[in-house]
Amino acid sequence: MRYPFLFLFFPLLILASCTPDESDRIGSNGQVNIYTHRHYEVDRELYREFEQETGIRVNVVKASADELIVRLENEGKKSPADLLVTVDAGRLVMAKEKGLLQATDSEILESNVPAHLRDPEGYWYAQTLRARVIVYSRDRVDADELSSYEALTDDKWRGRILTRSSSNIYNQSLLASIIAHKGSTYAKEWAEGLVANFARSPKGNDSDQIIALASGQGDIAIVNSYYVGKLYQSDEAGRRAAAEAVGVFFPNSADRGSHINVSGAGITRHAPNRASAQKLLEFLSRPEIQSRFAEANAEFPVHQDAKSSPILLSWGEWKQDELPLNRLGELNSEAVSIFDVVGWK
Ligand SMILES: [Fe+2]
């Protein structure tokens with residue numbers, strides 16, 4: 001089957017009685033078609049509100065960013081997609097390089113999204129921000145023992161570090177940032193040193209690392225910040241208890257700041273509903289909408305006037321690594337090769 005996830009294409013407002021190709025001809029800009037890697041309830045709610053405000057129907061296809069990029073390549077000019085939404089800058093950079101996106105010139109987006117969180121030529125814009133933090137057992141680790149990503153290779157952490165597999169973009173982008181700041185030779189030594197300190201062979205997602213940490217399978221974990229927030233908000237007491245058992249530490253505050261990544265979106269090269277897509281991007285960048293991402297999903301807003309949430313505020317002030325996010329995409333394949341060489345599964 002060429003497009004195994006085609007069945008996931010569903011309109012939020014009403015059930016479409018036509019295929020995406022047919023619906024293109026209904027009339028440009030009465031709808032917007034989103035290819036997204038995001039899988040959060042808050043997105044659904046916000047799309048619905050956009051539909052109510054504008055009358056523009058939002059159709060969503062969910063799959064991994066890699067699958068969506070392949071699909072865009074295969075579909076070419078016939079693609080019904082208007083927007084590609086990913087959970088990391090690396091894939092947006094890759095989509096731009098493959099010629100799958102087009103530049104958007106919007107004063108609203110330029111003023112709402114800080115310069116380091118968007119493509120310099122306007123091919124993509126961040127929607128939310130996340131930090132790759134160190135979480136630690138409140139029982140077994142003192143926050144004073146933590147400082148930087150680099151310090152995690154110290155012998156004192158032998159058998160104590162939890163993190164997910166290197167096939168995940170989050171760790172690839174973290175390593176890409178280390179290559180950018182410290183060079184390839186150091187980055188390889190760092191990855192080797194970290195593997196030597198793993199508590200177990202990498203498995204599971206970031207939530208699983210926090211749960212494993214809380215149950216004593218390791219003492220610190222490297223995870224994206226919002227996973228802690230989402231566990232706090234869980235309906236399950238066990239998951240909330242895991243969040244309460246860990247502290248959140250933002251590394252490298254004394255030097256370059258904590259590695260960040262973004263969830264972001266770009267208008268596709270052949271978008272049939274370009275104006276609607278731009279409207280949706282602008283809607284999602286509004287401060288009051290940005291606050292909703294913070295509240296519902298514990299993601300940091302990119303708009304500086306957006307209200308933060310109590311959980312995010314409880315983590316205190318922290319410093320962002322302002323490495324241009326394009327670098328994460330450019331250095332991705334080198335990061336993947338290093339992981340292979342050092343045996344980070
Ligand atoms: Fe995630």
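Every number for a ligand or one of its atoms is a count from 1 in the order of the listing. Computation of the quantities below employed the complete heavy-atom set of this structure, encompassing side-chain atoms and omitting hydrogens, waters and symmetry-equivalent molecules.
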Taking N, O or S atoms only and a limit of 2.8 Å, check whether N205 reaches the Fe ion (ligand 1).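 For N205, the answer is no, given that no N, O or S atom comes within less than 2.8 Å of the Fe ion (ligand 1).
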Is the Fe ion (ligand 1) less than 2.8 Å from at least one N/O/S atom of Y227? yes
Output every pair passing ring-ring contact (aromatic ring centres under 6.0 Å, His included) with a member in residues 244-280, not counting sequence neighbours, ordered by first then second residue. F250-W318
Y186 six-ring centre to K182 NZ/CZ under 6.0 Å and within 45° of normal: yes
Please tell me whether R38 and S263 have a donor and an acceptor in their side chains that are separated by less than 3.5 angstrom. yes
Vertex the Fe ion (ligand 1), arms to Y170 OH and Y226 OH, rounded to 10°: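 About 90°, to the nearest ten degrees.
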For D66, check salt bridge (charged side-chain N to carboxylate O under 4.0 Å, His left out) against everything at least two apart and list the hits.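 For D66, the residues satisfying salt bridge (charged side-chain N to carboxylate O under 4.0 Å, His left out) (neighbours in sequence not counted) are R91.
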